[in-house]
Structures are given as structure tokens and as C-alpha cells.
Student: 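Below is a structure I'd like to ask you about.
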Amino acid sequence: GCAMFSGIIEAVGTVREFVHGEESATMTVETDSKFRNLENGESIAVNGVCLTVVEFNGSVFRMDLGTETLNKTGFKNVKSGDQVNLERSLTFSSKISGHFVSGHIDQVGKVISIEEKPGEVLLKFSHPSFLGPYIMEKGSIALDGISLTVFNCKDDSFNVSIIPFTWSHTNLNARKIGDSINIECDMIGKYVYKACESLINPRASGAV
């Protein structure tokens, strides 16, 4: 099982070390005071990926990444010095101002364009076409763990509008065209899609 997140980034960390093993990898991240009291075994979202802290020391923590995580996320290209978005898992008392995020990445997308406008930055991302049904106009999405609203969904791409606060408090400001980004589609959208699918085509979903 995994923790739940809200997609509201609490801190940005810096990758200090990324060591590839045969089937896995170890990542060491340094961050600021907000993450000072982590516990070993705690789940945190790093660029939207739910990972477990295996060792914590002051402002530095280490996590292990399995094969699945390396294959399905943008971490296979990560290098020392990269900025990562961090969020601690929700407790029952947490106020949710984003949306429910599971920390399980669906796919990796790519930055197609970045346009700075007054009061916002418009970003356009491409995505694998099979995610199309789960990416809905004005729906929620988590990009590198950031809860955002999508619009202009067409041709296997979508836009998001980034307010200055989010731009300066996440790793988005370090992104360049062509960079990959972790995508987690809205969980509720997935449930609705699955439910509709079984209503429309009961045989395909294994319903009797």
C-alpha cells in the first residue's frame, strides 16, 4: 500500500547523489528545514513518485528506487544537482487544497512549449495517446507531483497555467523544452472511466 498526497508541493530538494545498481537505484536528496523531522520508513512524494525514506540525517535523506519506478518515471534521467518537488504524505487531519494523488505515476510526458505571460506561465506537455481518456478538459492532473488543472486537451497534448507562486516554489522553473515530467492522471477520473466502460461494454471488463 502507499500513502496519499494532495499535489501541493511543500519544498524543493536537490539531488545530491544518484547511484544506479543492477536492478535498482539509490537517491540522496538534500532539502530545507520543513523536512527536518522525517522518520525512517516514512512515505514522501518526490516529483510525484511515492518513495520510502530509508535513511534520514539532518537535512539529507536517502531512498531506494526499484526497477518499476525507474522504468515508469523520469528518474532514469535524473542527475546530481537536479531539483525535485517534495510532499509529505497526508494525515487524516490534513486540509486538502489540491486533489487526491496516489504517488503512482501513469506515464512520462514531455515539455513542448513554455510561454511566460503577465501573471502566469503557460506550459504545454505531450503525453502517450493511451492516456487520452483520463486527461479531461478542466480536470485535475499531477505533474511531477504538482496538482494542476488541464485545458486545451488535443493531439495528445494539454496545457497548464502556472501561477507565479507555483512557478517559484516548485522545480518547474528549471524545466526546459524536451524535458520529461511524471504524469499521474486524476484517480477519480480513472474510476469514472472504468465504471462507464463496464456499463457500455460489460463483457470487456469481465463483468458478468
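It should be emphasised that the depicted structure is a prediction, and the values quoted were computed from it without experimental measurement.
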Student: Please confirm whether the backbone N or O of Val150 pairs with a side-chain atom of Glu137, one donor and one acceptor, at under 3.5 Å?
Tutor: no

Student: Only one of Ile183, Val78, Val46, Ile105 passes side-chain contact (heavy atoms from CB on, under 4.5 Å) with Thr73; say which it is.
Tutor: Ile105

Student: Please determine, by modelled atom types, if Glu17 and Ser80 share a side-chain donor-acceptor pair under 3.5 angstrom.
Tutor: no

Student: Classify the ring geometry of Phe165 against His169: parallel below 30°, tilted from 30° to 60°, perpendicular beyond 60°.
Tutor: parallel

Student: Tell me yes or no: between the side chains of Asn77 and Lys79, is some donor less than 3.5 Å from an acceptor?
Tutor: no

Student: If you apply the rule salt bridge (Lys or Arg N to Asp or Glu O under 4.0 Å), what do you find for Lys72 with Asp106, and how did you get there?
Tutor: CA-CA 7 Å; Lys72 275 189 79 173; Asp106 290 308; 5.6 Å; no

Student: Do we see a donor-acceptor contact under 3.5 Å between the side chains of Asn171 and Asn85?
Tutor: yes

Student: Does one side chain, of Thr52 or Glu42, offer a donor that lies under 3.5 Å from an acceptor on the other?
Tutor: no

Student: Using 0.5 Å steps for rounding, measure from the CG atom of Leu143 to the CG atom of Leu123.
Tutor: 8.5 Å

Student: Do Val12 and Met63 belong together in a cluster built from hydrophobic side chains that touch within less than 4.5 Å?
Tutor: no

Student: Are Val111 and Leu122 connected in a single hydrophobic cluster, I mean Ile/Leu/Val/Met/Phe/Trp/Tyr linked by side-chain heavy atoms less than 4.5 Å apart?
Tutor: no

Student: Return yes if a side-chain donor-acceptor contact under 3.5 Å exists between Thr14 and Glu30, otherwise no.
Tutor: no

Student: Output the distance between atom CZ (Arg16) and atom OG (Ser59), rounded to the nearest 0.5 Å.
Tutor: 9.0 Å

Student: Does Phe158 offer a backbone N or O that forms a donor-acceptor pair with the side chain of Lys124 under 3.5 Å?
Tutor: no

Student: With a 6.0 Å cut-off on the ring centroids, do His127 and Phe125 count as close?
Tutor: no

Student: Return yes when atom CG of Asn71 has more than 12 non-hydrogen atoms of other residues, nucleotides or ligands closer than 6.0 Å, and no otherwise.
Tutor: yes

